[in-house]
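Lettering follows sequence order; numbering is per chain, from 1.
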2 protein chains.
Amino acid sequence: MSLTIFDIAKEAGVSTTTISRVLAGSSKVKNSTREKVLRVIEKHHYEPSEVARNLTARKTNTIGLIIDEISNPFFVDIASAVEEILQTRNFMLMLSSSQWKEEREFSIVRNMIRQRVEGLLIAPINPDSPAVDFLDKRNIPFVLLNSYSTKFSADCVTTDNIAGGYLAGSHLVKQDIEQLLLITGYTHQSIDDRVEGFYAAVSEAKNRSLSVSRYENINTYKDGYSLATILMVRNSISTKKSGIFVTNDNVAMGLLDGLLEQRVQVPETVQLVGYDNIDFAARYKIPLTTVSQSRNEMGKIAALELLAKIENHGKEQRVLKLPPKLIIRQSTRGENP
Amino acid sequence: MSLTIFDIAKEAGVSTTTISRVLAGSSKVKNSTREKVLRVIEKHHYEPSEVARNLTARKTNTIGLIIDEISNPFFVDIASAVEEILQTRNFMLMLSSSQWKEEREFSIVRNMIRQRVEGLLIAPINPDSPAVDFLDKRNIPFVLLNSYSTKFSADCVTTDNIAGGYLAGSHLVKQDIEQLLLITGYTHQSIDDRVEGFYAAVSEAKNRSLSVSRYENINTYKDGYSLATILMVRNSISTKKSGIFVTNDNVAMGLLDGLLEQRVQVPETVQLVGYDNIDFAARYKIPLTTVSQSRNEMGKIAALELLAKIENHGKEQRVLKLPPKLIIRQSTRGENP
DNA sequence: TTGAAAGCGATACCAA
DNA sequence: TTGGTATCGCTTTCAA
């Protein structure tokens, strides 16, 4: 295996303490000694073991990031921002994905605790999942991403999804439409909040009474695509002016493609609002009106928050809900404010 | 801090050895003892330190993944596949990005070696970068992603980019065109290979002599977009039938949008081939003909390869260049074979 | 300016 | 079936 500090000490004819001092850049080493030691170190490309160091120091300079799936575009921006911050602070990043399975999420958390990560950034499947409960029980600093807990006093950084749903809803009710449709996917706190905000906007539009039909469990691009024909039959959307809120851009694009395929006029007959403002939303066939979250900022803030908690143990709880923004494009007819 | 095996031993009234045995699931522990120990462990939510374990075991069950940038879509599929494999083998993933800076890449490699990762998956900025040289000097198992070394005997998993460029080139020369354009971005081995393959296809088309104009350093969607007007002036692409190979889908989409903006007919006048087959290529305004790489498979194979090297030290070198595939869509006029 | 020895939190070997 | 002790590779006193 690789050399140890002991080997280097022997070859340099000094004690391990001296090697350690040189490694630490201590000034209390005679110059000639230091140079002799450095020569030996370089000769063998010796790199000290952080494993051993971590054991002595009782810290690892590592944090864990747990997300649902790596291919979730949401994750990419978060992770990117997080990693950028960590590099400036000399922290390492341990990454794992829960694949939407609570047992897996839980086991990852336990694993990371065993690895003695100094803190955890987690986008939980559910803010009351056993994993979060476990973290809460232990004294590990952690920050929730894209969720907030009503049960634990957990720090979190997320978007104000109620406000986001409200933005989508109030934009649509202002349009010239006869009915509203709400399309949702996987159950998740963030989605529930969007729905809540959406309904709040609808019920505030007192001047008119609009029906809302909801379709649940529409999760993928393909699901969205297939939904188009169903909506034509069940909601006559090819003739009845409709406003549709899809709680996820990817699905919204599927629905949009389905609608275009069926020659439904967008935005003349159907107006569509998505959620996320993913990269391609702006350049899609019909650019998509959507609600934008600043994911990069979320990642940055969460990472900084976590590092602050790690350093400064007594930090109070912070719940941060960043304001979303409505981006009006050609899939609806409103003007950008 | 958290409890140690010693604390548990004391409270359970046994030795640390016994705790260790219970932890390891050893059968050589009396049932009543085991239960007593487990009770104490659960009571305190004790989790053994992998840091200490790693020190004794001289292995960390961790591998490192180094990529250029996390927001590179290429990375997402790779990382996703890698992580999936690692979970089945109980390995942890340490992730870091080089941001296209060789010094940063080098320092990440050193850091990961200090962390004693058992192996490294690296998409090097350059296969002859100091980082790869360093890895080669040491006895760390590593696998190159999206690159291959001509200098070291390094394992690698990549696409056969020469073949990919050739596919694009030979598809274009078969079309009814009067000139060829080649658009490239950042310098990278994989790009050079695509260019080489492209030119090989052109020179093989002996029956006709087609000029090739090359534009370099076109890196982003925006660069591609702006290039459209330049090509109109310098290469009369609005009237002269042209075949364009862009070595990257994202840039190709920029160029496509620029062309459409200028009312250039695609594919009637200009035919466009991209590279990567990113998700949106199939659903773009004009679906993009492109060369597809199986990134998911690359990640899987590379991870398995690395794990094999870790376990079975004497493994011989393997250079794997996966075959790319031409996906013909509406941005060119050819038929799908 | 240097070194000896204890300790970090586990495991492994050898005895009992 | 259990426990004592050395050990992993480093840092940190404390003395010299």
Side-chain angles (χ1 to χ4, degrees), chain A residues 1-38 40-41 44-62 110-118 138-139, chain B residues 1-38 40-41 44-62 110-118 138-139:
Chain A
M1 267 313 282
S2 53
L3 294 181
T4 73
I5 199 172
F6 193 79
D7 302 315
I8 303 296
K10 203 161 72 178
E11 179 159 342
V14 296
S15 73
T16 60
T17 311
T18 299
I19 309 293
S20 181
R21 286 197 182 101
V22 171
L23 252 22
S26 155
S27 53
K28 305 192 169 311
V29 179
K30 209 203 292 175
N31 258 327
S32 62
T33 312
R34 181 197 317 286
E35 275 158 28
K36 188 173 52 182
V37 168
L38 285 176
V40 178
I41 287 181
H44 297 290
H45 305 288
Y46 166 71
E47 298 287 346
S49 160
E50 288 296 334
V51 176
R53 280 185 161 170
N54 292 340
L55 187 59
T56 329
R58 264 159 298 176
K59 54 199 274 311
T60 56
N61 271 250
T62 300
R110 285 191 27 164
N111 254 315
M112 292 209 170
I113 287 177
R114 286 174 173 217
Q115 302 288 341
R116 296 296 188 263
V117 297
E118 293 187 46
R138 305 186 57 99
N139 214 11
Chain B
M1 267 310 285
S2 51
L3 294 181
T4 72
I5 199 173
F6 192 80
D7 302 316
I8 303 297
K10 204 161 72 179
E11 179 159 342
V14 295
S15 73
T16 59
T17 309
T18 299
I19 308 294
S20 182
R21 288 198 182 100
V22 171
L23 253 22
S26 156
S27 53
K28 305 192 165 313
V29 179
K30 208 203 294 174
N31 259 327
S32 63
T33 313
R34 181 200 316 289
E35 274 158 29
K36 186 172 55 180
V37 169
L38 284 177
V40 178
I41 287 179
H44 296 290
H45 304 287
Y46 165 73
E47 298 289 344
S49 161
E50 287 297 332
V51 176
R53 282 185 161 169
N54 292 341
L55 187 60
T56 354
R58 263 160 298 176
K59 53 199 275 312
T60 56
N61 272 250
T62 300
R110 285 189 29 162
N111 256 315
M112 291 208 170
I113 287 177
R114 288 176 172 215
Q115 303 288 340
R116 296 294 187 264
V117 297
E118 293 186 47
R138 304 187 58 100
N139 214 11

**Report entry** Side chain proximity check, A/L23 to A/Y46, heavy atoms < 4.5 angstrom
**Finding:**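 Yes; the side chains approach each other to less than 4.5 Å.
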**Report entry** Sub-4.5 Å side-chain heavy-atom contact between B/K36 and B/V14
**Finding:**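 Result yes, sub-4.5 Å side-chain heavy-atom pair found.
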Requested in this report: Please assess A/T62 against A/R116 for the test side chain to side chain contact (heavy atoms under 4.5 Å, CB included), listing each intermediate value before the final yes or no.
Outcome: CA-CA 8 Å; A/T62 300; A/R116 296 296 188 263; over 6 Å; no
Nearest 0.5 angstrom please: [X] [atom1] to [Y] [atom2], how far?
| X | Y | atom1 | atom2 | answer |
| --- | --- | --- | --- | --- |
| A/S2 | B/R58 | OG | CZ | 10.0 Å |
| B/E35 | B/K30 | CD | NZ | 11.5 Å |
| A/E11 | A/I41 | CD | CD1 | 11.0 Å |
| B/I8 | B/I5 | CD1 | CD1 | 8.5 Å |

Query - B/S49 side-chain proximity, nearest of C/dT2, C/dT11, C/dG9 - result: C/dG9
Query - Listed nucleotide nearest any side-chain atom of A/L55, set D/dG4, C/dG9, D/dC10 - result: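 The answer is C/dG9.
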Could you state the atom-to-atom distance from [atom1] of [X] to [atom2] of [N] in whole Å?
| X | N | atom1 | atom2 | value |
| --- | --- | --- | --- | --- |
| B/I8 | C/dG9 | CD1 | C1' | 12 Å |
| A/N61 | D/dC10 | CG | C1' | 15 Å |
| A/I19 | D/dC10 | CD1 | P | 10 Å |
| B/R116 | D/dG9 | CZ | P | 9 Å |
| B/I5 | D/dG4 | CD1 | C1' | 14 Å |
| B/K59 | C/dT11 | NZ | P | 12 Å |
| A/K10 | D/dG9 | NZ | P | 13 Å |
| B/F6 | C/dA10 | CZ | C1' | 13 Å |

Kindly say if [X] contacts the phosphate of [N], meaning a side-chain N or O under 4.0 Å from OP1 or OP2.
| X | N | result |
| --- | --- | --- |
| A/R53 | D/dT11 | yes |
| A/T18 | C/dG3 | yes |
| A/Y46 | D/dC10 | yes |

Requested in this report: Any chance you could lay out the side chain to side chain contact (heavy atoms under 4.5 Å, CB included) test for A/V40 and A/H44, step after step, and finish with the verdict?
Outcome: CA-CA 6 Å; A/V40 178; A/H44 297 290; 3.9 Å; yes
**Report entry** side chain to side chain contact (heavy atoms under 4.5 Å, CB included) between B/R21 and B/R34, worked out
**Finding:** CA-CA 9 Å; B/R21 288 198 182 100; B/R34 181 200 316 289; over 6 Å; no
Requested in this report: Please work out if A/V51 contacts a base, only the sugar-phosphate, or nothing of the nucleic acid, heavy-atom cut-off 4.0 Å.
Outcome: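 Nothing: the residue A/V51, judged by heavy atoms under 4.0 Å, touches no strand.
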Query raised in the report: So which of residues 28-37 of chain A are in contact with DNA chain D, with a heavy-atom cut-off of under 4.0 Å?
Result: none
Query - Helix axis bend for the helix from C/dT1-D/dA16 to C/dA16-D/dT1 - C1'-based end axes, five pairs, 10° rounding - result: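 Axis angle across the helix from C/dT1-D/dA16 to C/dA16-D/dT1, nearest 10°: 40°.
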For the side chain of [X] and the backbone of [Y], is there at least one donor-acceptor N/O pair under 3.5 Å apart?
| X | Y | result |
| --- | --- | --- |
| A/E50 | A/T60 | no |
| A/R138 | B/H45 | yes |
| A/T17 | A/S15 | no |

Show the distances under 3.5 angstrom between N or O atoms of the protein and N or O atoms of nucleotides 12-16 of chain D.
from, atom 1, to, atom 2, distance (Å)
D/dT12, O4, A/T17, OG1, 3.3

